Amino acid sequence: MYKALWVGAAALFLAGPALAATEGETLMKTKGCAACHAVDKKLVGPSYKDVAQKYTEADVPKLVETVKKGGVGVWGPVPMPPNPQVADADIEKIVRWILTLK
């Protein structure tokens, strides 16, 4: 009995990051991010893999703010438009998903 509970708890613990990654990817697709970004190639903005290589977990707050307010200059002259309609919690899930693409 306890073994089954332990195994179930371990499975949920291990699945947590995978579920969050899936949620971040889904949000990225539904919030319009895919119009300018792709996982492995530059479109209008940098690829998500390039972003993941450049930033770390410590940069999450800065990245959330950049997605929310927009920015320019880090990846070239094309500005990233602000996304005030996207909830901060959703932006954070997207950013954390991107960082898994290293």
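Keep in mind the model is a prediction, meaning the values are calculated, not measured.
- A salt bridge (charged side-chain N to carboxylate O under 4.0 Å, His left out) check over residues 34-51, counting only residues at least two apart or in different chains, returns nothing.
- In terms of the salt bridge (Lys or Arg N to Asp or Glu O under 4.0 Å) criterion, residue partners of Asp90 (sequence neighbours excluded) are, by chain and number, Lys31.
- For the residue pair Tyr48 and Cys33, the shortest heavy atom distance occurs at OH-CB, 3.1 Å.
- Partners of Lys54 by salt bridge (Lys or Arg N to Asp or Glu O under 4.0 Å), not counting sequence neighbours: none found.
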Under 3.5 Å donor-acceptor pairs involving side-chain atoms of residues 63-71, not counting sequence neighbours:
unit_1	atom_1	unit_2	atom_2	d
Glu65	OE2	Lys69	NZ	3.4
Thr66	OG1	Lys62	O	3.0
Lys68	NZ	Pro84	O	3.3
Lys68	NZ	Val86	O	2.5
Lys68	NZ	Asp88	OD1	3.2

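- Considering only heavy atoms from C-beta on, Asn83 comes within 4.5 Å of Gln85 through its side chain.
- In this structure, His37 contributes its side chain and Leu43 its backbone to no donor-acceptor pair below 3.5 Å.
- Hydrophobic clustering (side-chain heavy atoms under 4.5 Å, transitive across Ile, Leu, Val, Met, Phe, Trp, Tyr) keeps Met80 apart from Val72.
- Residues passing the side chain to side chain donor-acceptor pair (under 3.5 Å) test with Glu57, sequence neighbours excluded: Arg96.
- Shortest non-hydrogen contact noted between Ala52 and Ile98 is CB-O, 3.2 Å.
- Taken from CD1 in Ile94 to CD in Glu23, the straight-line distance is 9.5 Å, to the nearest 0.5 Å.
- Side-chain atoms of Trp97 and Thr26, non-hydrogen and from C-beta on, never get closer than 4.5 Å to each other.
- Applying the 4.5 Å side-chain rule to ILVMFWY residues, one finds Val78 in the same cluster as Val44.
- Across all their heavy atoms, Gln53 and Lys102 have their closest contact at NE2-CA, 3.2 Å.
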